[in-house]
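Data block below; observations after.
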Amino acid sequence: MIKEINRDEKSLSKKSKFATKADKQIITDLADTLQHHSDTTVGMAANMISEFKNIIIVQMGMIAVIMVNPVIKQKSDPYQTKEGCLSLAGERPTMRFKNITVEYLDQHFEKQQNTFSEFTAQIIQHEIDHCHGIII
Ligand SMILES: CSCC[C@H](NC=O)C(=O)O
C-alpha cells in the first residue's frame, strides 16, 4: 500500500529497531511507496513511512533492492557531496564513502553480503543513516 511520507524531522531522528519476518508488510508498503515516488526518489528507509524498523529500499537501475537490518562492514574513499531527501526540503552537505561492503537480509530474509560503489553506495549510506536517525 502507498503510505504517507513522514516529513517530521523529530520523528525521523529516532533510531529504528531490528526488523523480523513479522515486518514483511513494511517491505511491501515501502516498495509500493518508492514506486509511487520513482520520478523523484531513488531510495527510502522504513521510517520515511513512519515504520521504525531497519529496512531500506534502494533503486538499482530497473530493480528496487530491499535490505533488512543492513550493516556497513567496510568502507573506503571518503568524499564530500550534497544530497536531498523526499522527507526534507532542499539539499544539505554530507560526507560519503565511494565503496562500501554491506551485510543485510534480502526480501526473503536470506543473508547477503555485497560490495557497492558510486551512486548506489551513496544511496545505501543515506538510507542506513535514516535507520540510525541521521538525516543528512
Ligand atoms: C543520493 S541519496 C538520496 C536518497 C533520497 N532518498 C531518501 O531517503 C532520495 O532523494 O532519493
Side-chain angles (χ1 to χ4, degrees):
M1 199 191 293
I2 298 165
K3 295 287 178 164
E4 196 179 323
I5 300 300
N6 179 9
R7 299 178 197 276
D8 175 39
E9 280 204 40
K10 195 171 168 206
S11 102
L12 289 167
S13 301
K14 278 198 296 185
K15 243 169 120 61
S16 290
K17 295 195 159 65
F18 195 79
T20 69
K21 284 185 178 171
D23 297 313
K24 279 190 171 169
Q25 186 62 43
I26 299 174
I27 293 177
T28 308
D29 291 346
L30 206 50
D32 290 347
T33 308
L34 176 66
Q35 195 176 19
H36 182 70
H37 292 281
S38 61
D39 52 338
T40 55
T41 307
V42 289
M44 291 184 70
N47 65 353
M48 294 172 68
I49 56 168
S50 303
E51 297 285 359
F52 295 88
K53 292 294 175 81
N54 291 332
I55 304 172
I56 67 172
I57 187 165
V58 178
Q59 196 69 44
M60 298 188 197
M62 297 295 287
I63 298 165
V65 175
I66 287 285
M67 296 181 174
V68 176
N69 299 321
V71 176
I72 296 176
K73 307 297 281 188
Q74 283 180 47
K75 50 194 181 186
S76 65
D77 289 340
Y79 63 99
Q80 195 67 33
T81 186
K82 268 193 225 161
E83 289 171 2
C85 180
L86 185 59
S87 286
L88 304 171
E91 288 197 326
R92 298 182 187 180
T94 187
M95 203 270 286
R96 297 297 181 207
F97 293 87
K98 191 173 156 197
N99 305 296
I100 56 170
T101 299
V102 188
E103 192 179 277
Y104 60 97
L105 301 177
D106 64 20
Q107 74 272 31
H108 307 298
F109 285 76
E110 305 281 348
K111 197 170 172 178
Q112 306 286 344
Q113 181 166 303
N114 284 305
T115 299
F116 301 93
S117 58
E118 312 278 350
F119 191 49
T120 301
Q122 184 180 352
I123 304 164
I124 295 169
Q125 289 168 85
H126 179 111
E127 306 312 340
I128 291 179
D129 273 358
H130 271 303
C131 294
H132 297 149
I134 298 165
I135 30 180
I136 324 181

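Every number for a ligand or one of its atoms is a count from 1 in the order of the listing. Nothing here was measured: the structure is a model prediction, and the numbers come from that model.
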Self-check item: Verdict with supporting geometry, Asp129 and Arg96, salt bridge (charged side-chain N to carboxylate O under 4.0 Å, His left out)
Solution: CA-CA 11 Å; Asp129 273 358; Arg96 297 297 181 207; 2.8 Å; yes
Quiz item: Which pair of heavy atoms, one from Gln125 and one from Ile72, lies closest together, and at what distance?
Solution: CG-CD1, 4.0 Å
Practice problem: Mark yes or no for whether Asp32, through its side chain, and Met1, through its backbone, hold a donor-acceptor pair below 3.5 Å. | Solution: yes
Quiz item: Got a sec, which pairs hit ring-ring contact (aromatic ring centres under 6.0 Å, His included) with one end in residues 95-125, sequence neighbours left out?
Solution: none
Practice problem: Could you tell me whether the side chain of Ser50 reaches within less than 4.5 Å of the side chain of Lys3, counting heavy atoms only? | Solution: no
Quiz item: Can you find a heavy atom in the side chain of Lys82 that is under 4.5 Å from one in the side chain of Thr94?
Solution: no
Starting from the N and O atoms of ligand 1, collect every protein N/O partner closer than 3.5 Å and put each pair on its own line with the distance to 0.1 Å.
| unit_1 | atom_1 | unit_2 | atom_2 | d |
| --- | --- | --- | --- | --- |
| ligand 1 | 6 (N) | Gly43 | O | 2.9 |
| ligand 1 | 6 (N) | Glu127 | OE2 | 3.0 |
| ligand 1 | 8 (O) | His126 | NE2 | 3.0 |
| ligand 1 | 8 (O) | Glu127 | OE1 | 2.9 |
| ligand 1 | 8 (O) | Glu127 | OE2 | 3.0 |
| ligand 1 | 8 (O) | His130 | NE2 | 3.2 |
| ligand 1 | 11 (O) | Val42 | N | 2.8 |

